[in-house]
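Below you'll find the structure, written out as structure tokens, and then a few comments.
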Amino acid sequence: MADEFEGYTVNDITYCVDPATDKFFPVRIVKIGRKFADVESINPQLTNDVTVDFETDKKNRRFLRPQLPRHARFGGCEERIVNTERNSGQELRLLPFHYGTYTGGKIKELHKDYPELWPLPTGLVYERWFKDSDG
């Protein structure tokens, strides 16, 4: 088993984002494989507000690198890891470590008002994009 996947390690906190609605919810990385990361919901109510199918199938909670077309190297393609093997529910993406997203600003605002519901991401994502939120 691998120790990290796309900047994530086991027990890191991050967020699943529904790219169709821009809604998101916090998750914890529970398993890392050579080509995947499995996550679990931190707050079932926040998760259900975005997707009711998240808990119904393990494949809904497994995230892989997306299959990108050759022209993706020129930009413009969604590079965040995705739950592409899902059997039900919508496509979800995880926050990337290698670039910031506008979702990060929303997470910082929610964390400031409700830190117990909206934890800051941890690990490499925290170091690169959220470290300035403490204090």
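For F25 and W118, the distance between ring centers is not under 6.0 angstrom.
Applying the 6.0 Å contact sphere to NZ of K106 captures more than 12 heavy atoms from other residues, nucleotides or ligands.
Within the 4.5 Å cutoff, no side-chain heavy atoms of Y15 are placed close to those of V27. The shortest side-chain heavy-atom distance between K31 and F36 falls under the 4.5 Å cut-off. Side-chain contact between L110 and F24: present, with at least one pair of heavy atoms (C-beta onward) separated by less than 4.5 Å. Side-chain contact between V39 and R28 is absent, with no heavy-atom pair separated by less than 4.5 Å. Taking 4.5 Å as the limit, every side-chain heavy atom of V50 sits out of range of all side-chain heavy atoms of C16.
Within the model, atoms OH of Y114 and CD of E109 stand 12.0 Å from one another, a figure rounded to the nearest 0.5 Å.
Among all heavy-atom pairs drawn from K59 and N87, the shortest one is CD-ND2, 3.7 Å. Residue L92 comes nearest to F63 through the heavy atom pair O-CE2, 3.3 Å, listed as atom of the first residue, atom of the second, then distance. Contact record, A20 with D18: N-OD1, 2.9 Å, taken as the closest heavy-atom pair. Considering every non-hydrogen atom in both P19 and R93, the closest pair reads CG-CG, 4.0 Å. Of all non-hydrogen atoms in R61 and D57, the two that sit nearest each other are NH1-O, 3.2 Å. Residues Q90 and T51 come closest through the heavy atom pair OE1-OG1, 3.1 Å.
In summary, the side chains of N60 and S88 do present a donor paired with an acceptor at a separation below 3.5 Å, with no hydrogens or angles considered.
A continuous path of ILVMFWY side-chain contacts below 4.5 Å connects L124 to V17, so both sit in one hydrophobic cluster. Note on L64: it does not cluster hydrophobically with V125, by side-chain heavy-atom contacts below 4.5 Å among ILVMFWY residues.
A cation-pi arrangement is not found for K35 relative to F5, the charged atom failing to lie both closer than 6.0 Å to the ring centre and inside a 45° cone about the ring normal.
Grouping Ile, Leu, Val, Met, Phe, Trp and Tyr residues whose side-chain heavy atoms lie under 4.5 Å apart, directly or via other members, leaves Y102 alone, with no other cluster members.
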| field | Test side chain to side chain contact (heavy atoms under 4.5 Å, CB included) applied to K131 and L120, step by step | value | CA-CA 9 Å; K131 194 173 188 175; L120 291 177; over 6 Å; no
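The pair R86-D53 does not count as a salt bridge, with every side-chain nitrogen at least 4.0 angstrom from each carboxylate oxygen.
Within the structure, every pair that satisfies the side-chain hydrogen bond (donor to acceptor under 3.5 Å, both in side chains) test and touches residues 36-45, not counting sequence neighbours, is listed here: D38-R62, S41-T47, Q45-D49.
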In residues 7-14, what donor-acceptor pairs under 3.5 Å come from side-chain atoms, sequence neighbours left out?
| unit_1 | atom_1 | unit_2 | atom_2 | d |
| --- | --- | --- | --- | --- |
| Y8 | OH | T14 | OG1 | 2.6 |
| Y8 | OH | L95 | O | 2.4 |
| T9 | OG1 | D12 | OD1 | 3.3 |
| T9 | OG1 | D12 | OD2 | 3.2 |
| D12 | OD1 | T122 | OG1 | 3.4 |
| D12 | OD2 | T9 | N | 2.9 |

